[in-house]
Amino acid sequence: MIKFVRNVGVWFAPARIRAEGSTPDYRFSLANERTFLAWLRTALALIGGGFAVDQFLPDLRWGWRVGLALALLAAGVLCSLRAVNHWMRCERAMRRGEDLPASRFPALLSIVVAVVALAMVVVVLLGWAG
């Protein structure tokens, strides 16, 4: 967590990343950027799903609706923050000639999405009315 907080300053100072090591092959930097953008699309989809649950399921019990919506919104926020942090860590590793950083975040995000999906299955099977 401390590393994450320290890295936030680097997000807004790309010159600091460029100053490290040597410039990698542009194809790798562009692939890293495409991965970053894919994570942002995932974050936007999660945020949109959270709003959809809240707005389009008014008959769903308030606790279920808010819980599911907040879970999706929180996952979207975490995904967007993780995207930029992972992009920066990968760019730095490529410039330094180090191994790319491993992450548990995809597994965590998958579990959160699976739990929300299972909750929605339960809601559909048991009915929507409050």
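We use all heavy atoms of the structure for the numbers below, so side chains are in, but hydrogens, waters and symmetry mates are not.
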Could you grab the distance from atom CZ of R65 to atom CZ of F56, nearest 0.5 Å is fine?
12.5 Å

Who are the side-chain contact (heavy atoms from CB on, under 4.5 Å) partners of T35, not counting sequence neighbours?
W39

Contacts of R89 that satisfy side-chain hydrogen bond (donor to acceptor under 3.5 Å, both in side chains) - sequence neighbours left out:
none

Considering only heavy atoms from C-beta outward, does the side chain of L57 approach that of W64 to under 4.5 Å?
no

Pair M94-S29, side chain to side chain contact (heavy atoms under 4.5 Å, CB included): steps then yes or no:
CA-CA 8 Å; M94 287 188 298; S29 291; 4.3 Å; yes

Heavy-atom pair with the smallest gap, counting every atom of S103 and R82:
OG-NH2, 2.8 Å

Quick one: side-chain contact (heavy atoms from CB on, under 4.5 Å) partners of V115, sequence neighbours excluded?
I111

My understanding is that only residues two or more places apart in sequence, or in another chain, count here; which of them pass side-chain contact (heavy atoms from CB on, under 4.5 Å) with L72?
L46, V53, V116

Do the non-hydrogen side-chain atoms of R18 and R95 ever get within less than 4.5 Å of each other?
yes

So does A69 get a backbone contact from the side chain of D54, meaning a donor-acceptor N/O pair under 3.5 Å?
no

Report the residues that fulfil side-chain contact (heavy atoms from CB on, under 4.5 Å) with R34, sequence neighbours left out, ordered by chain and then residue number.
L30, A31

A43 and S80 have their tightest heavy-atom pair at CB-N, 3.7 Å

Linking I/L/V/M/F/W/Y whenever any side-chain heavy atoms sit under 4.5 Å apart, do F28 and F36 land together?
no

Distance from M120 atom CE to L125 atom CG, nearest 0.5 Å?
11.0 Å

Rounded to the nearest 0.5 Å, the OG1 atom of T42 sits from the CD1 atom of I47 at a distance of 11.0 Å

Do L40 and V8 sit in one hydrophobic cluster, given that two such residues count as connected whenever their side-chain heavy atoms are within less than 4.5 Å of each other, even indirectly?
yes

With the 4.5 Å side-chain cut-off for hydrophobic clustering, are V77 and V84 part of the same group?
yes

Indicate, with yes or no, if V112 and L118 share a hydrophobic cluster defined by side-chain heavy-atom contacts under 4.5 Å among Ile, Leu, Val, Met, Phe, Trp and Tyr.
no

If you take all heavy atoms of E91 and P24, which pair is closest and at what distance?
OE2-CG, 4.0 Å

Quick check for you: to the nearest 0.5 Å, what is the distance between L68 atom CG and R61 atom CZ?
12.5 Å

Please list all pairs meeting salt bridge (Lys or Arg N to Asp or Glu O under 4.0 Å) that have one or both residues in residues 96-119, counting only residues at least two apart or in different chains.
E20-R96, R96-E98

Under a 4.5 Å cut-off applied to non-hydrogen side-chain atoms, are F105 and C79 in contact?
yes

Flag yes if L73 and L44 sit in one hydrophobic cluster, no otherwise; membership is Ile, Leu, Val, Met, Phe, Trp, Tyr, and two members link when side-chain heavy atoms are under 4.5 Å apart.
no

